[in-house]
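None of the values given here were measured: they were computed from a predicted structure. Hydrogens, waters and symmetry mates play no part in the numbers below; they use all other heavy atoms, side chains included.
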Amino acid sequence: IFDLLDDGTIDVGLTNRESVLFRDELTLTPVYQERFVLLTSPRNRTEYSGHPIRPRDLDVTRELYFDITPSFSQWRESLWEDKRPFLQVSFAQILPPMLVNSPYWSILPLSIARFFVAHYPLVYYELAESPKPRVCSIVTHQRYRTYKAEQKEALIRTLTDFFQGLMDQA
């Protein structure tokens with residue numbers, strides 16, 4: 001996305017990146033943030049239901065770790081230092097089949113957990129101590145194309161309203 005903004009191919013991008021390091025001409029505007037939750041099989045209900053989950057009490061050997069942002073990784077490391085998860089993945093799409101009817105769990109952003117719960121027999125639980133919320137930002141280039149300024153501003157307003165609606169639902 002950043003390269004496409006730099007070369008003028010696109011005018012607006014959406015990113016979960018937490019910064020635009022070494023890209024002074026790009027501007028991040030946070031428009032959405034969401035908390036993290038624990039996603040697991042309903043078979044683990046007795047272990048997790050009825051109270052917010054304390055991450056420090058979780059069995060890391062049952063974790064399916066999705067490395068989503070640097071701040072999430074730092075939070076995880078602060079809890080479990082050098083303890084390794086059962087499995088680390090770089091894309092969330094493979095998690096649901098591995099969580100269904102298993103003892104495993106994963107900590108994910110709420111929107112991802114809700115999507116998986118809607119399509120798989122899974123449940124999510126609130127965390128008592130949570131990492132920094134995941135932030136979605138609109139990213140634009142400071143070089144402003146005046147012939148598209150109105151359309152660009154309208155798109156940014158629409159996206160902002162859409163994401164605000166999502167946050168209001170959470």
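The closest donor-acceptor contact from the side chain of Ser106 to the backbone of Leu64 lies under 3.5 Å. With hydrogens and angles ignored, the 3.5 Å screen pairs a side-chain donor or acceptor of Asn44 with a backbone N or O of Ser102. No donor-acceptor pair under 3.5 Å is formed between the side chain of Arg134 and the backbone N or O of Glu34.
To the nearest 0.5 angstrom, Asp161 atom CG is 11.5 Å from Phe163 atom CZ. Atom CZ of Phe162 is separated from atom CG of Leu155 by 12.0 Å, given to the nearest 0.5 angstrom. The structure places CG of Leu39 at 10.5 Å from CD1 of Ile107, a figure rounded to the nearest 0.5 Å. The OG atom of Ser73 lies 8.5 Å from the CZ atom of Arg76; values are rounded to the nearest 0.5 Å. In this structure, CG on Asp57 lies 10.5 Å from CD on Glu47, to the nearest 0.5 angstrom.
When all heavy atoms are compared, the tightest approach of Val100 to Pro121 is CG1-CG, 3.8 Å. The two atoms that bring Ser137 and Pro30 nearest to each other are OG-CA, 3.4 Å, heavy atoms only. Annotation for Val139 and Leu14: closest pair CG1-N, 4.4 Å, computed over non-hydrogen atoms. For the residue pair Ser41 and Asn101, the shortest heavy atom distance occurs at OG-N, 3.3 Å. For the residue pair Val60 and Trp105, the shortest heavy atom distance occurs at CA-CZ2, 4.1 Å. Considering all non-hydrogen atoms of both residues, Gly13 and Ile1 come closest at CA-CG2, 3.9 Å.
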Residues 80-93 side chain polar contacts: donor-acceptor under 3.5 Å, at least two apart:
none

Could you pull out all donor-acceptor pairs under 3.5 Å where a side-chain atom in residues 122-133 meets a protein atom, sequence neighbours excluded?
residue: Glu126; atom: OE1; partner: Arg35; partner atom: NE; Å: 2.8
residue: Glu126; atom: OE2; partner: Arg35; partner atom: NE; Å: 3.4
residue: Glu126; atom: OE2; partner: Arg35; partner atom: NH2; Å: 3.0

Criterion side-chain contact (heavy atoms from CB on, under 4.5 Å) on Phe116 and Leu108, from CA distance to verdict: CA-CA 10 Å; Phe116 289 159; Leu108 298 169; 4.1 Å; yes

Ser111/Tyr32 under side chain to side chain donor-acceptor pair (under 3.5 Å): CA gap, chis, key distance, verdict: CA-CA 11 Å; Ser111 62; Tyr32 175 69; 4.6 Å; no

Trace of the side-chain contact (heavy atoms from CB on, under 4.5 Å) decision for Leu38 with Thr40: CA-CA 7 Å; Leu38 181 130; Thr40 192; 3.9 Å; yes

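With contacts defined as side-chain heavy-atom distances shorter than 4.5 Å, the pair Phe2/Leu26 qualifies. Counting heavy atoms from C-beta outward, Leu79 and Leu58 have side chains that stay 4.5 Å or more apart. Within the 4.5 Å cutoff, the side chain of Ile112 has heavy atoms near those of the Pro109 side chain.
Val117 is connected to Leu110 through a chain of hydrophobic side-chain contacts under 4.5 Å among Ile, Leu, Val, Met, Phe, Trp and Tyr, so both are in one cluster.
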